[in-house]
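A short worksheet on the structure shown next.
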Amino acid sequence: MYRTILVGTLTFLPGANFIISQIGTAYPNGLISKVLSDSEIDIARYGYSVWLRHLVMALGNDPKSIPKTVLEFGPGDSLGIGLAALLSGAEKYYALDVIKYADIDKNLKIFNELVKLFKKRESIPTNIEFPEVRPVLESYEFPHNILTEDVLDISLNDERIKLIKNNIANIYKKKNEMIQYSAPWDDPGIVGPQSVDMAISQAVLEHIENLEDIYRLLSLWLVGGGVMSHTIDLKSHGCSNKWNGQLTYSDPIWRLMKGNRKYFLNRYTYSSHIEIQKKYHFNILIINKDFRSSDVSRDELNPRFKSLPDEDLEISTVYILSNKVPS
């Protein structure tokens, strides 16, 4: 706790936020960048695994057409998830972040590795390789029923690969054809109403303070019947030595811990996500929960969390697949 307060206090100093932001970005369990290694192969395999897991969950055993427009919150320094979506046949990828992390040269190398994985029809990397990644699948075989040979013949065409590479090289240009990278993304007009087929996030929504605004915008941006696929890590992310200890801190202490950071951990629980999604007319299709015995008693909780359902004190990670109810 004291280290987090110190870092939070330092963020009020000029330039401190930039330095802190370079230390890590969102990855398997919230704060990354160098968790595995600097290898573009590892990072490409991570993006490949995450994207295909979300795609399989969204399309299931009765696959519909590949989503044409995919939006990702919080890609961090790697656009690997969205690049994997493009290689699966998506035509447009929106990457929305708080701070500009994306490195063009690094992402070109990641893209080259992703192309190899798709051309080999590589099996989806499992939880042996990425133990923290959710959702968990029943099968990690390459999803031939979704990514058919006809689909991949088009999506992996040499000319199309060159076009995607050109888009990566120009990600900071506003009128990029296939990739629109926006950081900061504080303008709701960067995405057109009812223009997104699938929205995805991986261990990111737990860091967004204005969570209700996010779901409201997604209800605006998604087409009727469009899906959103979110893995949410509800643990303390190092703020406490107890996995759900963030719920015990008083509001003044929490403000000190957050400091002036552009993003931090929010304290929304599983039931909060469900409540807000229903408020904005999302139909919840699949919920997968990871349970863990609570590290804190109700007596230790911040008073405004004392009435939480027992489940909220025991769900450490949740995967939620929903769709927008057509108007």
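Remember, predicted model here, so these are calculated numbers, not experimental data. Computation of the quantities below employed the complete heavy-atom set of this structure, encompassing side-chain atoms and omitting hydrogens, waters and symmetry-equivalent molecules.
Taking every heavy atom of both residues into account, Leu217 and Pro188 meet most closely at CD2-CB, 3.6 Å. Between Val70 and Ala85, the shortest heavy-atom distance links the atoms CG2-CB, 4.2 Å. Between Met257 and Phe264, the shortest heavy-atom distance links the atoms O-CZ, 3.8 Å. Nearest heavy atom pair, residue Gly192 against residue Ser195, reads O-OG, 2.6 Å. The two residues Pro326 and Gly225 have their closest heavy-atom pair at CG-N, 3.9 Å. The minimum heavy-atom distance linking Val296 with Gly245 is given by the pair CG1-CA, 4.2 Å.
Of the possible polar contacts, none joining the Asn288 side chain to the Pro135 backbone as a donor-acceptor pair under 3.5 Å is found. A donor-acceptor pair is defined here as one N or O able to donate and one able to accept, closer than 3.5 Å; such a pair exists between the side chain of Arg160 and the backbone of Ser155. Checked by atom type and distance alone, the side chain of Asn266 pairs as donor or acceptor with a backbone atom of Glu206 at under 3.5 Å. Using modelled atom types, no side-chain atom of Asp233 and backbone atom of Ala203 make a donor-acceptor pair closer than 3.5 Å. Using modelled atom types, one side-chain atom of Asp103 and one backbone atom of Lys106 make a donor-acceptor pair closer than 3.5 Å. When atom types are taken as modelled, the side chain of Thr248 and the backbone of Glu300 share no donor-acceptor pair closer than 3.5 angstrom. A donor-acceptor pair is defined here as one N or O able to donate and one able to accept, closer than 3.5 Å; no such pair exists between the side chain of Lys116 and the backbone of Lys119. The main-chain N or O of Phe73 is never found under 3.5 Å from a side-chain atom of Ser201 such that the two would form a donor-acceptor pair. Between the side chain of Glu113 and the backbone N or O of Ile43, no donor-acceptor pair lies under 3.5 Å. Here the side chain of Arg53 pairs a donor or acceptor atom with the backbone of Val133 at under 3.5 angstrom.
The side-chain heavy atoms of Tyr93 and Thr69, taken from C-beta on, include no pair separated by under 4.5 Å. Residues Val191 and Trp185 form no side-chain contact, since every pair of their non-hydrogen atoms from C-beta on lies 4.5 Å or further apart. Contact of the His54 side chain with the Val50 side chain is registered, since non-hydrogen atoms from C-beta on lie closer than 4.5 Å. With a 4.5 Å cut-off on side-chain heavy atoms, Ile200 and Trp51 count as touching. Between Ile146 and Phe142, the closest side-chain pair of non-hydrogen atoms is not below 4.5 Å. The closest side-chain heavy-atom distance from Tyr215 to Lys279 is not below 4.5 Å.
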*Could you walk me through whether Ile104 and Tyr172 pass side chain to side chain contact (heavy atoms under 4.5 Å, CB included), step by step?*
CA-CA 9 Å; Ile104 290 174; Tyr172 289 113; 4.1 Å; yes
*For Phe282 and Asn323, what are the C-alpha separation, side-chain angles and deciding distance, and is it a side chain to side chain contact (heavy atoms under 4.5 Å, CB included)?*
CA-CA 6 Å; Phe282 287 104; Asn323 68 358; over 6 Å; no
*Step by step, work out the side chain to side chain contact (heavy atoms under 4.5 Å, CB included) result for Arg134 and Asn127.*
CA-CA 8 Å; Arg134 300 293 184 270; Asn127 283 71; 3.0 Å; yes
*Tell me, with the steps shown, if Leu79 and Phe111 meet side chain to side chain contact (heavy atoms under 4.5 Å, CB included).*
CA-CA 9 Å; Leu79 304 182; Phe111 179 72; over 6 Å; no
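Counting heavy atoms of neighbouring residues, nucleotides and ligands inside a 6.0 Å radius, atom NZ of Lys289 exceeds 12 of them. Within a 6.0 Å sphere centred on CD of Glu122, other residues, nucleotides and ligands contribute more than 12 heavy atoms. Taking a 6.0 Å sphere around NE2 of His144, one finds it holds more than 12 heavy atoms contributed by other residues, nucleotides or ligands. Heavy-atom neighbours of Glu275 CD from other residues, nucleotides or ligands within 6.0 Å: at or below the threshold of 12. Enclosure of atom NZ in Lys306 by more than 12 non-hydrogen atoms of other residues, nucleotides or ligands within 6.0 angstrom is indicated.
To the nearest 0.5 Å, the span separating CD on Gln202 from CD on Glu132 amounts to 11.0 Å. To the nearest 0.5 Å, atoms CG (Asn167) and CG (Asn176) are separated by 4.0 Å. The CG atom of Leu222 sits 7.5 Å away from the CE atom of Met228 when rounded to the nearest 0.5 Å. In this structure, CD1 in Ile171 is found 8.0 Å from CD1 in Ile168, a value given to the nearest 0.5 Å. To the nearest 0.5 Å, atom CH2 of residue Trp221 and atom CD of residue Gln194 are 14.0 Å apart. To the nearest 0.5 Å, the span separating CD1 on Ile124 from CZ on Arg45 amounts to 11.0 Å.
Screening Leu301, Asn302, Leu308 for a side-chain contact (heavy atoms from CB on, under 4.5 Å) involving Arg304 leaves a single residue, Asn302. With respect to Leu234, the side-chain contact (heavy atoms from CB on, under 4.5 Å) criterion is satisfied by exactly one of Asn244, Leu205, Val318: Val318.
Side-chain contact, Tyr280 with Glu212: a donor N or O sits under 3.5 Å from an acceptor N or O. No donor-acceptor contact under 3.5 angstrom links the side chains of Gln246 and His237, judged on distance only. Looking only at atom types and distance, the side chain of Arg216 has no donor-acceptor partner in the side chain of Asn210 under 3.5 Å away. No hydrogens or angles considered: nothing links the side chains of Ser294 and Glu314 as a donor-acceptor pair under 3.5 Å. Between the side chains of Tyr101 and Ser78, not a single donor N or O lies within less than 3.5 Å of an accepting N or O.
Ring orientation note: the planes of Tyr249 and Trp254 are close to parallel, at an angle under 30° on the 30°/60° scale.
For Ser316, the side chain to side chain contact (heavy atoms under 4.5 Å, CB included) criterion is met by Lys235, Trp243, Asp290, Arg292, not counting sequence neighbours.
Salt bridge Glu149/Arg121: present, at least one basic N to carboxylate O contact under 4.0 Å. Using a 4.0 Å cut-off between charged side-chain N and carboxylate O, Asp310 and Arg298 make a salt bridge.
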